[in-house]
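The structure appears right after this line, and notes come after that.
Heavy-atom basis, side chains included; hydrogens, waters and symmetry copies ignored.
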Amino acid sequence: MPVLHTPRRDVRLLLVLLAAAALHTVPTAPAAADEPGWTAEPAAGTAAARPGGARPYFYLEGAPAAVLEDRLALTNTTDRERTVTLRGADAHNTADGALAVRPAAPDPGAVGAGSWFSFGAGATVKIPPRTRAVVPFTVTVPPGSPPGDHPAAVIAAEAGREAGVRVHLRVSGPTLAALTVEDVAVRGRGAAAVVAYTLVNRGNVVLAPELDVRAEGAFGEVPGRGQRAVPVELLPGQRVELTEPWPGAPVLDRVRVTVTVTAPGGAGAAASASAWFVPWRAAGWTGLGLLGLGGTAFAALFLVRGRRLRRGPAAGGADGADGGPSGKPAATTPAPEHELTGASR
């Protein structure tokens, strides 16, 4: 008996064939070309390692003239050999507070913490495929180095790509946590209002500041911004310019904004600034309305006064007080003489 194919069954068969053809014609997506191929991190197995052996950064501390040691792990995850160069670098804050490292200093007389690093023969490392290399390095603290934090980093580079591992480096001795708040200003209006300010680390340790913004208006306290952590790690001697959103800014008021910043270790400072909040668009329309109303009133007053001036001479001529129709003075009629009875003649 012949088999009859229904239209629905034919459609299903067609869809299956189309799917199979698509699988044969669509190429497989290649691996991402920007895969790094190698990683750099602190080597595990040291006294400063966390449970599990992983460390997010190096931590080294010593007195002036001390020689500190640690190890960097480089892992090649590709099937070809990698050549990586190593160097030390000074860390600093960018203008907006982000952490960055200084470029390789061509001056051999550089005295920053980045120049304290030495990798010996391991400054250039060849890593075989699928291999992990551990590179020892030393940090020599110069005699007379000031106490406190000296932020630095270990930089690994290959073919234009760089990867940095932070080094929390501290020279033993007295520490001071101190900062100042400067250049407070209010910018923008409404929901776009922000409080701008500058933080300066005046001490010798890294600070994790907290911010509190309060405002006092002509009619009392204005909602500000409660205490919160600033997403900035402020390095010693660094200056950063920051802004804080202020969605609760008033529409019409004169306010005094106070920015208070504190940090662990007893650091704290405050600064203030005044600002006017005026709805200029509404004020502009109101001013135009008042100007138009004033112009209308002035025009009406001018018209009324002009009519009065035109009516004045006509009224005078009707009364005949000033003269006749010819403009000449009117003749005066002598007063009649009255005879007084009983008077002597």
Side-chain angles (χ1 to χ4, degrees), residues 57-66 68 88-103 105 109-117 139 141-153 164 166-187 194-216 224-246 256-275:
Y57 52 80
F58 295 104
Y59 180 83
L60 299 171
E61 181 175 358
L68 312 175
D90 301 336
H92 68 99
N93 287 114
T94 60
D96 59 357
L99 292 177
V101 296
R102 311 228 180 247
V111 295
S115 64
W116 303 354
F117 288 76
V139 177
V141 182
S145 297
D149 293 334
H150 296 261
R166 289 194 60 184
V167 179
H168 291 264
L169 177 59
R170 172 168 289 189
V171 177
S172 302
T175 58
L176 173 65
L179 58 81
T180 57
V181 183
E182 303 174 1
D183 305 329
V184 177
V186 178
R187 301 172 185 169
V194 298
V195 178
Y197 60 99
T198 300
L199 290 183
V200 184
N201 188 338
R202 302 289 183 181
N204 62 357
V205 294
V206 177
L207 298 178
E210 291 188 349
L211 174 72
D212 186 20
V213 178
R214 297 186 180 275
E216 189 74 21
R225 297 281 287 177
Q227 190 170 7
R228 58 182 294 271
V230 180
V232 167
E233 193 172 355
L234 190 58
L235 306 183
Q238 298 294 298
R239 170 189 296 266
V240 297
E241 299 174 359
L242 305 173
T243 57
E244 182 69 18
W246 189 16
R256 184 168 183 81
V257 179
T258 301
V259 176
T260 303
V261 180
T262 58
S272 301
S274 299

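Every residue two or more places apart in sequence or in another chain that forms a side-chain contact (heavy atoms from CB on, under 4.5 Å) with Val101 is listed here: Ala89, Ala153, Ile155. By the side-chain contact (heavy atoms from CB on, under 4.5 Å) test, Glu233 is found to be paired with Leu99, Arg166, His168, Val206, residues two or more places apart in sequence or in another chain being considered. Applying the side-chain hydrogen bond (donor to acceptor under 3.5 Å, both in side chains) rule to Glu210 yields the partners Gln227; only residues at least two apart in sequence or on another chain are considered. The salt bridge (Lys or Arg N to Asp or Glu O under 4.0 Å) test applied to Arg228 returns Glu244, not counting sequence neighbours. With sequence neighbours excluded, the residues forming a side-chain contact (heavy atoms from CB on, under 4.5 Å) with Glu182 are Thr180, Thr198, Val200, Arg202, Arg239, listed by chain and number. The side-chain contact (heavy atoms from CB on, under 4.5 Å) test applied to Ala100 returns His92, Thr94, not counting sequence neighbours. Applying the side-chain hydrogen bond (donor to acceptor under 3.5 Å, both in side chains) rule to Gln238 yields no partners; only residues at least two apart in sequence or on another chain are considered. Legend: residues meeting side-chain hydrogen bond (donor to acceptor under 3.5 Å, both in side chains) with Thr258, ordered by chain and number and at least two apart, are Ser272. A search for side-chain hydrogen bond (donor to acceptor under 3.5 Å, both in side chains) contacts involving Thr260 returns nothing, not counting sequence neighbours. Remark: Asp183 engages no residue in a salt bridge (Lys or Arg N to Asp or Glu O under 4.0 Å) (not counting sequence neighbours).
Between Gly226 and Asp212, the shortest heavy-atom contact is C-OD1, 3.8 Å. Between Ala177 and Gly265, the shortest heavy-atom distance links the atoms CB-O, 3.8 Å. When every heavy atom of Pro209 is checked against every heavy atom of Leu207, the shortest pair comes out as CD-O, 3.4 Å. In terms of heavy-atom proximity, Pro64 sits nearest to Gly144 at CB-N, 3.8 Å. When all heavy atoms are compared, the tightest approach of Pro264 to Ala208 is CD-O, 3.5 Å. Residues Asn204 and Pro147 approach most closely at ND2-O, 3.2 Å, considering heavy atoms.
Looking only at side-chain heavy atoms (C-beta outward), Tyr197 and Val213 stay at 4.5 Å or farther from each other. Looking at heavy atoms from C-beta onward, Val194 lies out of side-chain contact with Trp246 at the 4.5 angstrom threshold. No side-chain heavy atom of Leu199 sits less than 4.5 Å from a side-chain heavy atom of Asn201. At least one side-chain heavy atom of Val167 sits less than 4.5 Å from a side-chain heavy atom of Phe117.
In this structure, the separation between CG on Leu60 and CH2 on Trp116 is 11.0 Å, given to the nearest 0.5 Å.
Between the side chain of Asn93 and the backbone N or O of Leu235 there is at least one donor-acceptor pair closer than 3.5 Å. With hydrogens and angles ignored, the 3.5 Å screen pairs no side-chain donor or acceptor of Asp90 with any backbone N or O of Arg102.
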Donor-acceptor list for residues 169-176 side chains, cut-off 3.5 Å, not counting sequence neighbours:
{"unit_1": "Arg170", "atom_1": "NE", "unit_2": "Asp149", "atom_2": "OD1", "d": "2.6"}
{"unit_1": "Arg170", "atom_1": "NH2", "unit_2": "Asp149", "atom_2": "OD1", "d": "3.1"}
{"unit_1": "Arg170", "atom_1": "NH2", "unit_2": "Asp149", "atom_2": "OD2", "d": "3.2"}

